Amino acid sequence: FFNRNYYWIGPRQIIRFIVLSFIAAFLMIISFERHLLYDWTAQQFYSLSKQNINFLQNRSFALTIIASRSEHRDFFETIERFSNSLIAEIPQIKMDWIDPVSQPSIIEQLKLRTIPCVIVHEGKPKTNRIILGKSRLMPRDFSKQNRLRFLGEPALIQALVQLKNPQKIDIVFLTNKTSFKATKETTLLDESPAGYAALKDVLEQDGFDVRSGEKITDTTNPMIIFLPLNRVNENIETQLLIRSSKGLPTLLMLESQPYNPIPKFSQKYGVKFLLYPLIDHMRKFKNDLTLIAPFYQKHELTAGLSNQSEPIILQGASAFQITSGNAILKSSRISWLETDLNRLQGPQFDNKRDIKGPLKLMIEQPKNTLWISDQDFLNNRYMGLPGNRTFLLHITHFLSGQLNLISERGKTLEERHLGSVQQINRKFIVLIFLVMPSLCFLIAASLAWIKSRE
């Protein structure tokens, strides 16, 4: 080991060092992205917001966690920390842990389709329950290096809303003709990409009892009404007037069109529907001027929503003019209504004809009667957008009088990412294959230098 000639620095020794360094570098390269492990010690507790603590304290529910520490390590340890935070803040929560490995019969007893999972329930976990699987609690964020996100807090709130929501809501799709017979093109629950099946699905997932039809019935339930492109008959306007006079919650969905479908109702409440399409260069998306992202105005149903993180997208919207009432959505100051439909390919503001913004795209007039100048934002193509989906739930909870749920949905939640420890693995490889050989080489060189001085 102390042979001076062997450790003497020369061409052979330099070649050995270069070869060894090349091998270490090669091993470092092939180690990149080989394994994705997760660091479960970086954040010991998942804290809850005070708003959600108050929300949970006033509700009776229980949690049953179906997970194995050995088989579902990432899920188990994350839920364990989250449950510790829940118990610390809300001691009265009933919580059971069941290991499906040691008790395999539990899967068949509870009729579970996926494990691991968390069952949010009242009474026994077999009935009146919501099942939260791993994909709902810990989705992958592919935009951020395939990291996991933990969404336990919003998922739990949504499950409780769905579990506790007894509200009914009616969806009415009126046709162009005086009869109420819907055509194939205007079927409410059309399953095509341009249909409205997603609207019913979203509301039912939130616990609403949804009923759909083509008639305005005599009911006190909240009602979403899709108005046709042509004028409706007098019977429909009379029914709308009765609903508004009683203060029954109603959402009127209009579309940019050549005629106002409800002129008498609009005149009664001082609402002018401007008919022409809105243009907004400031908020255009993918060079499509028909897509508009209006700005939220201060209102009960926009509590906590952000124009930046949760924008809603309208397509081909028009606008309203009102003498009284509240504005809920507005366009930007550089928007306008384009009165020359032949210039939609390259629109330019005409100071003499066009109507300059900001323009009101959604209003409340009278109380509990909402108007919005677009129907497309509730169809299948746009219901997947977080802003559109959240805004729809805000509207339905507002119409059903559940204002406390609006504040919960409007709260901006912090996404908890689980950090990767792959960098630690790389450091270990560097230590073994680069630092240690280099250190041995320096020690040998030092010993050789010491021997040469003797």
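Index from 1, following the sequence. Everything numeric here is computed off the predicted structure, so don't read it as measured data.
In terms of heavy atoms, Leu156 sits closest to Leu63 at CD1-CD2, 4.0 Å. Contact between Gln365 and Gly325 at its shortest, heavy atoms only, is OE1-CA, 3.5 Å. In this structure, Asp376 and Tyr382 approach most closely via the heavy-atom pair O-CD1, 3.3 Å.
With sequence neighbours excluded, the residues that form a side-chain hydrogen bond (donor to acceptor under 3.5 Å, both in side chains) with Ser332 are Asp280. Residues meeting the ring pair (Phe, Tyr, Trp, His ring centres under 6.0 Å) test with His121, sequence neighbours left out: none. For Arg59, the side-chain hydrogen bond (donor to acceptor under 3.5 Å, both in side chains) test picks out no residue, with sequence neighbours left out. Evaluation of the side-chain hydrogen bond (donor to acceptor under 3.5 Å, both in side chains) rule for Thr114 yields no partner, not counting sequence neighbours. Residues that satisfy the side-chain contact (heavy atoms from CB on, under 4.5 Å) test with Thr217, not counting sequence neighbours, are Asp170, Thr219, Met223.
The environment of CD in Gln92 is crowded: more than 12 heavy-atom neighbours from other residues, nucleotides or ligands sit within 6.0 Å. No more than 12 heavy atoms of other residues, nucleotides or ligands shown are found within 6.0 angstrom of NZ on Lys124.
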Quiz item: Could you go step by step and tell me if Asp96 and Thr64 meet the side-chain hydrogen bond (donor to acceptor under 3.5 Å, both in side chains) rule?
Solution: CA-CA 5 Å; Asp96 293 324; Thr64 300; 4.5 Å; no

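Classification of the Trp371-Phe320 ring pair by plane angle, with boundaries at 30° and 60°, yields perpendicular.
When the options Met383, Arg389, Met253 are evaluated for a side-chain contact (heavy atoms from CB on, under 4.5 Å) with Phe377, the one that passes is Met253. Just one residue in the list Leu361, Ile363, Thr302 forms a side-chain contact (heavy atoms from CB on, under 4.5 Å) with Ile328, and that residue is Thr302.
Residues in residues 245-266 take part in these salt bridge (Lys or Arg N to Asp or Glu O under 4.0 Å) pairs, two or more places apart or across chains: Glu234-Lys264.
Checked by atom type, the side-chain pair Glu338/Tyr276 shows no donor-acceptor distance below 3.5 Å. Using modelled atom types and a 3.5 Å distance limit, the side chains of Tyr269 and Ser244 yield a donor-acceptor pair.
Between Arg129 and Glu122 there is no salt bridge, since none of the side-chain N atoms of the basic residue sits less than 4.0 Å from a carboxylate O of the acidic one.
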